[in-house]
Number of protein chains: 2
Amino acid sequence: MNGNPHVSEETRRRVLAVARRLNYQPHTYAQRLAKQKAYAISAVIPFFTNYFFIEVLRGVQSKISEFGFDLVLYGVNDPATQVEYYIQKSTHRGKVDGVLFFSMKFPESYTRYFIQREIPIVLVDTFHPKFDSITVDNFKGAYIAVKHLIELGHEKIGMIVARLESVPARQRFEGFKQALIDHGKKFYEEFFIETKDTRLDGFNREAGYYACKELLSRSRKLPTAIFVSSDIQAIGVIEALNENGIKVPGDVSIIGFDDIELAKDFGLTTVRQPMYEMGVIAVEKLFERINNKKTKPEHIKFTPELVIRNSCP
Amino acid sequence: MNGNPHVSEETRRRVLAVARRLNYQPHTYAQRLAKQKAYAISAVIPFFTNYFFIEVLRGVQSKISEFGFDLVLYGVNDPATQVEYYIQKSTHRGKVDGVLFFSMKFPESYTRYFIQREIPIVLVDTFHPKFDSITVDNFKGAYIAVKHLIELGHEKIGMIVARLESVPARQRFEGFKQALIDHGKKFYEEFFIETKDTRLDGFNREAGYYACKELLSRSRKLPTAIFVSSDIQAIGVIEALNENGIKVPGDVSIIGFDDIELAKDFGLTTVRQPMYEMGVIAVEKLFERINNKKTKPEHIKFTPELVIRNSCP
DNA sequence: TTGAAAGCGCTAACAC
DNA sequence: GTGTTAGCGCTTTCAA
């Protein structure tokens, strides 16, 4: 039944026929046990965040099913208590051939564990020097966004950013500054706001809304463009602006980051993270790693691309 | 190691100690094979839709891990080709103890298959008489929403609805009409719009936006309140209104359906589907079914509850 | 080519 | 209580 070549056509035909008649299916776990292979990979993925990961998951699913593998999902609702627990489950002997770990900080206490046991793992949207990773170049993405603004002729460019202690927020901020410097533009302290909201590190709509309110309260002067560290915040910013009778893009241009579903709806110019593709690549990398455990970790960085819509004319 | 009571404390202690020292873990599939139990359930779930299901999935995950089971996920990107394929995979002999099937139309060609093999299954957000199901009462939800509007004193109530061939849209529409009838209010044909957009059956922001544009183009008269068949459409409606200088809730009140994340952000009054809870209940039901295959299918209908925010003062 | 048997790693039944 | 053995259902090896 498994296509063994040392078997006559005649016999194969007969066996297959009987199998079909009896509605035979090999038992999943008997097979996996005998083969010493799981034909499955797991994904440890945050459920508490911005549904960023769904898109990635779509990519993962589509690639994984090409291989006929199963995906066992561990959705983390509470990172403090569940990350290590699910890593444990993922790595329970024999269960999976490899694991995908998403967005969260990989617990240092597990690096040795994975390396010693040679458990294939790839990190997605998070980084660790010892393991393969797929990330997005936040610095470059921000740089591209701001450069776009500059090329559009903007001089006074503001930024509304999520909490700087979050890695992506920090990197996007650095990209913003660098673009300004490289093009000889001034950094206006008064047009720069770091979110106070801590929920999701400030990557949420309300954080954008209130940060913008604060910007407005500071002075009657406005930048001509604002780079916002994520689309969801940008939507909050636009609303705060609208409430104050300030038109986007008429009075101020807005550029976001991520290219979430809503960005299209709002006509928001932004910088796109290729999430679906990241999922696909992650699975590909993981399979490579499964088939060849010994090579050095590889770090793939995607460069976001500009998506021009109408919030920056 | 498995807590057999016919074993002395002393021995157990010793065995456990050695096991720990050797870093012993039982092999997942050897256990499952010997026990003739999968300790896993699968979920066949649409990936192409409104990320409605994520919230449900959170509930599923949290309940499932209480039982220590694994979740094997089959995300459907293309329903036409993948639904049956994943049902097959789900039911591969021995693989899972039960399956959760979400939102999509359950293929009639598989009802016999499940019944004969006695494969435990529960449907979530979709219905079939032969299987357990967890759904939301769209009719009642709509009724509650409209009743709320009426109690607020509205007389001219409009509705913007997704495509009526979609079951939930139809049910919400029926609830709307019934509420009007029961309270002796007139149904204004001119304030009723069915979306033309077919994407996601019209359950998307743009559909709401354009439907509202059409409403506005019909006449200069406006209803004092509009019931929109989903929050995401309602957000499109609000925007179309705002663009035309019509204030929400100043000029017209809006009520939605679903209570998605953004509804809170927009201060949208709506009717909440308890998605997380539905996930939890679905898993509980599935386990009941796993332990007791012979009882009649049970159909649980959740009644949505009103969430009052400020789009309907 | 085909058939028989050993082994994958565990659980459960049954003597001891 | 404890040790032994026969499955669980498949794959793989090795004679025949």
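Naming convention: chains lettered A, B, ... in sequence-line order (proteins, then strands); numbering from 1 in each chain.
- With sequence neighbours left out, the side-chain hydrogen bond (donor to acceptor under 3.5 Å, both in side chains) criterion links A/E298 to no other residue.
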Show each protein N/O and nucleotides 14-16 of chain D N/O combination with a separation under 3.5 Å, one pair to a line.
none

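- Applying the side-chain hydrogen bond (donor to acceptor under 3.5 Å, both in side chains) rule to B/R289 yields the partners B/D132, B/T295; only residues at least two apart in sequence or on another chain are considered.
- With sequence neighbours left out, the ring pair (Phe, Tyr, Trp, His ring centres under 6.0 Å) criterion links A/H92 to no other residue.
- In this structure, A/K37 places its NZ atom 12 Å from P of D/dT12, rounding to the nearest Å.
- Distance OH (A/Y29) to C1' (C/dG9): 16 Å, rounded to an integer number of Å.
- Over its full length, the helix from C/dT1-D/dA16 to C/dC16-D/dG1 turns its helical axis through 50°, comparing axes from the five pairs at each end and rounding to 10°.
- In this view, B/R272 and B/D259, B/P274, B/E277, B/E305, B/V307 satisfy the side chain to side chain contact (heavy atoms under 4.5 Å, CB included) rule, not counting sequence neighbours.
- The side-chain hydrogen bond (donor to acceptor under 3.5 Å, both in side chains) check on B/Q88 picks up B/Y110, with sequence neighbours excluded.
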Atom pairs and distances, donor-acceptor, side-chain atoms in residues 69-79 of chain B, under 3.5 Å, two or more places apart:
{"from": "B/D70", "atom 1": "OD1", "to": "A/Y74", "atom 2": "OH", "distance (Å)": "2.5"}
{"from": "B/D70", "atom 1": "OD1", "to": "A/K95", "atom 2": "NZ", "distance (Å)": "3.3"}
{"from": "B/D70", "atom 1": "OD2", "to": "A/K95", "atom 2": "NZ", "distance (Å)": "2.9"}
{"from": "B/D70", "atom 1": "OD2", "to": "B/R32", "atom 2": "NH2", "distance (Å)": "2.8"}
{"from": "B/Y74", "atom 1": "OH", "to": "A/D70", "atom 2": "OD1", "distance (Å)": "2.5"}
{"from": "B/Y74", "atom 1": "OH", "to": "B/K95", "atom 2": "NZ", "distance (Å)": "3.2"}
{"from": "B/N77", "atom 1": "OD1", "to": "A/R58", "atom 2": "NE", "distance (Å)": "3.1"}
{"from": "B/D78", "atom 1": "OD1", "to": "B/A80", "atom 2": "N", "distance (Å)": "3.3"}
{"from": "B/D78", "atom 1": "OD2", "to": "B/T81", "atom 2": "OG1", "distance (Å)": "3.2"}

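- A/E10 places its CD atom 13 Å from the P atom of C/dT1, with the value rounded to the nearest Å.
- For the pair A/Q36 CD and D/dG9 P, the computed distance is 18 Å after rounding to whole Å.
- Taking the centre and axis of the six-membered ring of A/Y39, the NZ or CZ atom of A/K37 falls inside the cone set by 45° and 6.0 Å.
- Applying the side chain to side chain contact (heavy atoms under 4.5 Å, CB included) test to A/K296 and every residue at least two apart in sequence or in another chain returns nothing.
- Put simply, CG on B/L22 is 15 Å from C1' on C/dG9, counting in whole angstrom units.
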| field | Base versus backbone protein contacts along nucleotides 10-16 of chain C [heavy-atom cut-off under 4.0 Å; B, S, -] | value | BSS----
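- Rounding to whole angstrom units, CZ of residue A/R32 and P of D/dT12 are separated by 15 Å.
- Using a 4.5 Å cut-off on side-chain heavy atoms (C-beta onward), A/M278 and A/E55 make no contact.
- Listed by chain and residue number, nothing satisfies the ring pair (Phe, Tyr, Trp, His ring centres under 6.0 Å) test with B/Y85 (two or more places apart in sequence, or in another chain).
- Listed by chain and number, the residues in a ring pair (Phe, Tyr, Trp, His ring centres under 6.0 Å) with A/F106 are A/F101, A/F114, A/F131 (sequence neighbours excluded).
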